[in-house]
Amino acid sequence: MVLYALRWQLLKISRGCGAWGRLLQRQSSRFVYSNIHGFDQVEIREKLQAFPGGSIDLLKQDSGIAVLTINNPSRMNAFSGSMMVDLEEKVTQLENWTDGKGLIVQGAAQTFCSGSDLNAVRAISNPQDGMKMCMFMQNSLTRLLRLPLISVALVEGRALGGGAELTTACDFRLMASDSVIQFVHKHMGLVPGWGGAARLVHIVRSQNALKLLGGALKVDPKLGLQIGLADGVLEAEDSAGTPLEQAENWLSRYIKGPAPVIRAVKKVVLSGRELPLSEALRTEKDVFGTVWGGPANLEALASKSKHK
Ligand SMILES: CCCC(=O)SCCNC(=O)CCNC(=O)[C@H](O)C(C)(C)COP(=O)(O)OP(=O)(O)OC[C@H]1O[C@@H](n2cnc3c(N)ncnc32)[C@H](O)[C@@H]1OP(=O)(O)O
């Protein structure tokens, strides 16, 4: 039995690394930008660290759900430079969390995130630094969305600017009844730069994305549900638990089961979302190979389970 388990672990590692490695290769890499794009990770990290404040907190739970909290309440959870670096580090930790199945991204103190810290923005308002910050955040948010975890943005209060972009780096969005997602970039003389426009088009289609960005529209839960930006609306707190409990409940129905199977689900959907069809099919075959004949599969076969 022990030998069998060991053999399966080794097989799983070799099959898993192969399939996931190939998926990442097919996506060029986890990173959108590297030094061939003039992106110097060390240099930009140092520059961002010069704008401190707030933190990004990560709690990995035994349930397989991690909670990532954007924590800078005195500035409505705006992203300081050091928080951008912190986010990148927390994404790396989540990439290495092999037991994980789900992720909830929330803001501290009942509001989501008001985008980049305007004090830092003012200090690095030259185009070169702006581009570097943009590449850094695109890399981190792309890696966040590509985690083999099913992720949910829990939106309370406001998600503005970069905060709205952050919600699109999750698989799902749950909105509290009085919450608002608003791409305010136009009012700032900007367009999204953290990858939010590209992801928004995938989520709500280009017509709706044009309306949201061109009109800097306030998306409340009703409009969010109508255009597919929101996947659910939270109930009043006293009847159904805290917003975080409600988000965990909502997510739990999609992550029930063994981690390798749930992670495989995310991987096949991710490849379908990101890759051309032939490549997505080949990746699906590779990921399928990581679960076929695995413990969960053998157990289900042995129990002759029915799906009534
Ligand atoms: C590619 C990325 C693009 C971007 O993200 S650009 C940034 C877009 N975000 C914004 O422009 C948000 C600007 N802030 C606002 O509109 C309002 O503060 C907001 C969020 C609606 C909240 O309004 P209120 O509830 O009335 O609260 P308030 O204005 O008194 O804010 C409380 C304290 O938070 C601060 N704050 C809010 N958003 C910030 C930000 N993004 N950067 C830096 N500081 C920010 C605000 O200045 C205030 O601080 P203080 O109490 O005056 O010291």
Side-chain angles (χ1 to χ4, degrees), residues 32-33 37 39 44-45 47-56 68-88 91 105-145 153-170 173 175-201 203 209 212-221 223-224 229:
V32 182
Y33 302 105
H37 305 100
F39 179 69
I44 180 67
R45 269 170 146 264
K47 205 162 268 245
L48 291 170
Q49 292 283 22
F51 303 99
S55 61
I56 305 291
L68 192 70
T69 305
I70 318 303
N71 190 0
N72 192 8
S74 64
R75 293 186 175 169
M76 308 299 281
N77 300 328
F79 261 89
S80 66
S82 63
M83 285 167 72
M84 294 180 190
V85 175
D86 216 0
L87 175 71
E88 195 258 338
V91 170
V105 179
Q106 66 168 5
Q110 287 90 48
T111 193
F112 190 74
C113 168
S114 64
S116 30
D117 184 330
L118 294 170
N119 304 300
V121 168
R122 278 180 206 108
I124 57 163
S125 61
N126 67 77
Q128 294 81 1
D129 285 346
M131 296 280 278
K132 286 173 190 164
M133 184 269 287
C134 157
M135 290 193 274
F136 188 86
M137 284 303 282
Q138 278 197 17
N139 269 354
S140 298
L141 294 185
T142 302
R143 288 168 61 198
L144 181 73
L145 187 57
L154 164 54
V155 185
E156 294 179 88
R158 291 164 192 261
L160 300 184
E165 296 193 58
L166 174 59
T167 71
T168 65
C170 293
R173 281 145 296 281
M175 294 181 75
S177 56
D178 58 352
S179 65
V180 169
I181 300 176
Q182 189 180 10
F183 294 83
V184 294
H185 304 74
K186 183 185 83 164
H187 293 325
M188 304 293 297
L190 291 172
V191 292
W194 296 357
R199 292 188 297 267
L200 186 65
V201 169
I203 298 166
L212 297 196
L213 299 184
L217 299 188
K218 283 187 178 164
V219 182
D220 60 14
L223 178 58
L229 186 60

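Indexing begins at 1, ligand by ligand and atom by atom, following the structure's order.
- With hydrogens left out, the protein atom closest to atom 28 (P) of ligand 1 is Met76 CG, 5.0 Å, a heavy atom.
- For atom 24 (P) of ligand 1, the nearest protein heavy atom is 4.0 Å or more away.
- Under 3.5 Å, the side chains of Ser179 and Glu156 contain no donor-acceptor pair of N or O atoms.
- Side chains of Val32 and His37 form no contact here, defined as non-hydrogen atoms less than 4.5 Å apart.
- Remark: ligand 1 atoms within the under-4.0 Å shell around heavy atoms of Ser74 are 33 (C), 34 (O).
- For the atom pair CG (Leu118) and OG (Ser80), the distance works out to 12.5 Å, reported to the nearest 0.5 Å.
- The closest approach between a heavy atom of Glu165 and any atom of ligand 1 is below 4.0 Å.
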Hey, can you pull the donor-acceptor pairs under 3.5 Å for the side chains in residues 125-134, sequence neighbours left out?
from   : atom 1 : to     : atom 2 : distance (Å)
Ser125 : OG     : Arg122 : O      : 3.3
Asn126 : OD1    : Gln128 : N      : 3.3
Asn126 : OD1    : Asp129 : N      : 2.9
Asn126 : ND2    : Asp129 : OD2    : 3.0
Asp129 : OD1    : Lys47  : NZ     : 3.3
Lys132 : NZ     : Glu43  : OE2    : 2.9

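- Contact of the Asn119 side chain with the Arg75 side chain is registered, since non-hydrogen atoms from C-beta on lie closer than 4.5 Å.
- Between Leu229 and Leu200 the shortest side-chain heavy-atom distance falls below 4.5 Å.
- Heavy-atom proximity to Leu160, at under 4.0 Å, picks out these atoms of ligand 1: 20 (C), 21 (C).
- Distances between N or O atoms of Leu118 and those of ligand 1 include at least one value under 3.5 Å.
- Distance check on atom 41 (N) of ligand 1: some protein heavy atom falls below the 4.0 Å cut-off.
- Contact of the Phe136 side chain with the Leu48 side chain is registered, since non-hydrogen atoms from C-beta on lie closer than 4.5 Å.
- Distance screen at 4.0 Å: atom 50 (P) of ligand 1 has no protein heavy-atom neighbour inside the cut-off.
- The closest side-chain heavy-atom distance from Leu87 to Leu68 is below 4.5 Å.
- Between Ile70 and Ile56 the shortest side-chain heavy-atom distance falls below 4.5 Å.
- Scanning the protein heavy atoms around atom 35 (C) of ligand 1, the nearest turns out to be Arg75 CA, 3.7 Å.
- In this structure, atom 6 (S) of ligand 1 lies nearest to the protein heavy atom Ser116 OG, 3.8 Å.
- Nearest-residue assignment for atom 43 (C) of ligand 1 (options Asp117, Asn72, Val191; heavy-atom criterion): Asp117.
- Under a 4.0 Å heavy-atom criterion, Ala120 is not in contact with ligand 1.
- Those atoms of ligand 1 with a heavy atom of Met188 less than 4.0 angstrom away are 11 (O).
- With Gly195, Ser114, Gly196 as candidates, the residue nearest to atom 10 (C) of ligand 1 on a non-hydrogen basis is Ser114.
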*Start with the C-alpha gap between Ile44 and Met84, add the side-chain angles, then the distance that decides, and say whether side-chain contact (heavy atoms from CB on, under 4.5 Å) holds.*
CA-CA 10 Å; Ile44 180 67; Met84 294 180 190; over 6 Å; no
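- Annotation: side chain of Met83 is not in contact with side chain of Asp117 (no heavy-atom distance under 4.5 Å).
- Looking at Met137 and Glu165, their side chains never come closer than 4.5 Å, going by heavy atoms from C-beta outward.
- Shown here, atom 46 (C) of ligand 1 is out of close reach of the protein: none of its heavy atoms lies under 4.0 Å off.
- Atoms of ligand 1 found under 4.0 Å from any heavy atom of Arg158 (numbered from 1 in listed order, with element): 21 (C).
- Near Gly115, with a cut-off below 4.0 Å to any heavy atom, the atoms of ligand 1 are 5 (O).
- Residue contacts with ligand 1, taken as heavy atom pairs separated by less than 4.0 Å, involve Ala78 solely via side-chain atoms from C-beta onward.
- In terms of N/O distances under 3.5 Å, ligand 1 is not approached by Trp194.
- With sequence neighbours left out, Arg143 forms a salt bridge (Lys or Arg N to Asp or Glu O under 4.0 Å) with Glu88, Glu95.
- The nearest protein heavy atom to atom 38 (N) of ligand 1 is closer than 4.0 Å.
- In this structure, atom 17 (C) of ligand 1 has its sub-4.0 angstrom surroundings free of protein heavy atoms.
- Backbone and side-chain nitrogen or oxygen atoms of Gly162 are examined, and one is located within less than 3.5 angstrom of a nitrogen or oxygen of ligand 1.
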